[in-house]
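The structure under discussion appears below in the form of structure tokens.
Throughout, protein chains are lettered first and strands after them, A, B, ... in sequence-line order, and every chain is numbered starting at 1. Fair warning: this is a prediction, and the values are worked out from it, not measured in the lab.
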There are 2 protein chains.
Amino acid sequence: MTVIESIPVKSTVVDLCKTRPLHPRPDGQDRYTISEVSALSGLTAHTLRWYERIGLMPHVDRSHTGQRRFTNKDLDWLAFVSKLRLTGMPVADMVRYAELVREGEHTFDARQELLEQTRRDVITRMAELQDTLAVLDHKIDFYADARRASERA
Amino acid sequence: MTVIESIPVKSTVVDLCKTRPLHPRPDGQDRYTISEVSALSGLTAHTLRWYERIGLMPHVDRSHTGQRRFTNKDLDWLAFVSKLRLTGMPVADMVRYAELVREGEHTFDARQELLEQTRRDVITRMAELQDTLAVLDHKIDFYADARRASERA
DNA sequence: CGCTTGCTTGGAGTGCACTCCAACGTTCTA
DNA sequence: TAGAACGTTGGAGTGCACTCCAAGCAAGCG
């Protein structure tokens with residue numbers, strides 16, 4: 001009951017590059033409206049515009065009337081950004097990373113360092129969560145025991 | 001290099017109840033000022049007052065002039081609350097839990113359910129973090145490879 | 001063509017969890 | 001007993017990450 005479930009560790013080798021449809025449309029016909037991207041990415045249209053404004057998106061292509069048309073590349077970037085958000089990385093740091101990407105290949109080292117720091121933060125956070133699990137289980141057991149005792153009475 | 005370090009799983013049996021000084025002062029002489037509690041708990045004095053105001057602390061004892069005097073019991077509660085914070089539980093939910101505690105033993109079931117939901121959330125979050133780790137490692141490896149390639153050149 | 005739905009903008013608003021302020025009273029140390 | 005350091009309050013302010021608004025074009029359908 002108290003046993004800590006081992007988190008199923010995904011196979012480390014990335015084997016999903018071909019197994020799921022990476023892009024709804026093939027390159028060349030990849031011009032998505034903001035609401036399509038919203039549905040695909042899980043981010044609201046508001047958030048997509050805001051990401052662009054703060055520099056977390058490279059400038060998005062526009063139709064002849066000025067409406068946004070996102071590409072497959074934009075979709076990939078948003079997927080990566082969403083992963084970074086899940087790590088708990090602050091938006092300001094993600095903007096910093098986006099700037100480094102814009103600056104070109106000479107920023108590879110800085111980008112690697114940023115990601116390695118993020119990785120360390122994730123490891124730390126996982127250890128914290130593991131600790132809280134022990135406390136939670138301890139309390140849950142206490143209440144479960146109390147229930148059993150009262151049922152016997 | 002890409003291998004996911006297994007998070008050291010703490011022994012589940014709680015063996016720390018006696019091994020570290022649980023309370024700086026023995027019961028009976030346990031009257032701590034707010035700044036002492038701040039130092040002991042890692043929470044600021046501001047936050048301690050705020051916790052009391054919103055009902056996340058039971059009402060704290062006062063000196064004859066109205067200054068707060070915290071007890072060992074208060075310290076224990078704060079330690080538990082800090083653990084709950086680390087789970088990512090919103091403050092509003094922690095206040096709900098505190099209310100249940102104030103209402104007495106007939107809320108054991110509700111408290112257990114609240115903690116079990118929190119436990120599920122923690123497990124989910126850990127899985128998310130594990131996923132981000134795979135993406136992070138993938139990118140880090142890419143940059144490391146690029147560096148090795150440029151060094152050979 | 002008209003209608004509905006969608007997209008545009010700058011700027012303002014929201015919710016959370018603190019964090020700080022002013023103006024004062026208390027406690028400790030020399 | 002002076003002075004520094006600490007404590008009190010209600011209420012206002014901060015930083016983050018969105019989230020929404022109004023007013024006005026744009027796009028797709030019968």
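- Listed by chain and number, the residues in a salt bridge (Lys or Arg N to Asp or Glu O under 4.0 Å) with A:Asp109 are B:Arg147 (sequence neighbours excluded).
- Between A:Thr33 and C:dC7 there is a side-chain N or O to OP1 or OP2 distance below 4.0 Å.
- A:Arg68 has a side-chain polar atom (N or O) that falls below the 4.0 Å cut-off from OP1 or OP2 of C:dT8.
- Within residues 43-59 of chain A, the residues that have a heavy atom under 4.0 Å from DNA chain C are, in order of number, A:Arg49, A:Arg53.
- Extent of DNA chain D lying under 4.0 Å from chain A heavy atoms, first and last nucleotide in 5' to 3' order, is D:dA17 to D:dA27.
- Salt bridge annotation for B:Glu128-B:Arg125: present, with a cationic side-chain nitrogen under 4.0 angstrom from a carboxylate oxygen.
- The aromatic rings of B:Trp77 and B:Tyr97 lie parallel to each other, their planes meeting at an angle below 30°, with 60° marking the opposite boundary.
- Remark: nothing in residues 74-81 of chain A comes within less than 4.0 Å of DNA chain C through any heavy atom.
- Closest non-hydrogen pair, A:Arg25 versus A:Arg31, comes out as NH1-O, 3.1 Å.
- The shortest distance between side-chain heavy atoms of A:Gln67 and A:Ile34 does not fall below 4.5 Å.
- In this structure, the side chains of A:Phe108 and B:Ser150 stay at 4.5 Å or more apart for every pair of heavy atoms.
- Across residues 82-94 of chain A, A:Arg85, A:Pro90, A:Val91 each have a non-hydrogen atom less than 4.0 Å from an atom of DNA chain D (numbered order).
- Per the geometry, CD belonging to A:Gln67 stands 7 Å off C1' belonging to C:dG6, to the nearest Å.
- The residues A:Glu151 and A:Arg148 are annotated as not salt-bridged, no charged nitrogen and carboxylate oxygen being separated by less than 4.0 angstrom.
- Using modelled atom types, no side-chain atom of A:Asp74 and backbone atom of A:Asn72 make a donor-acceptor pair closer than 3.5 Å.
- Salt-bridge annotation for B:Arg96 and B:Glu99: present, with a side-chain N of the basic residue lying under 4.0 Å from a carboxylate O of the acidic one.
- Every residue was checked against the ring pair (Phe, Tyr, Trp, His ring centres under 6.0 Å) condition with B:Tyr51, not counting sequence neighbours, and none meets it.
- Listed pair A:Arg69 / C:dT8 fails the phosphate criterion, with no side-chain N or O lying under 4.0 Å from OP1 or OP2.
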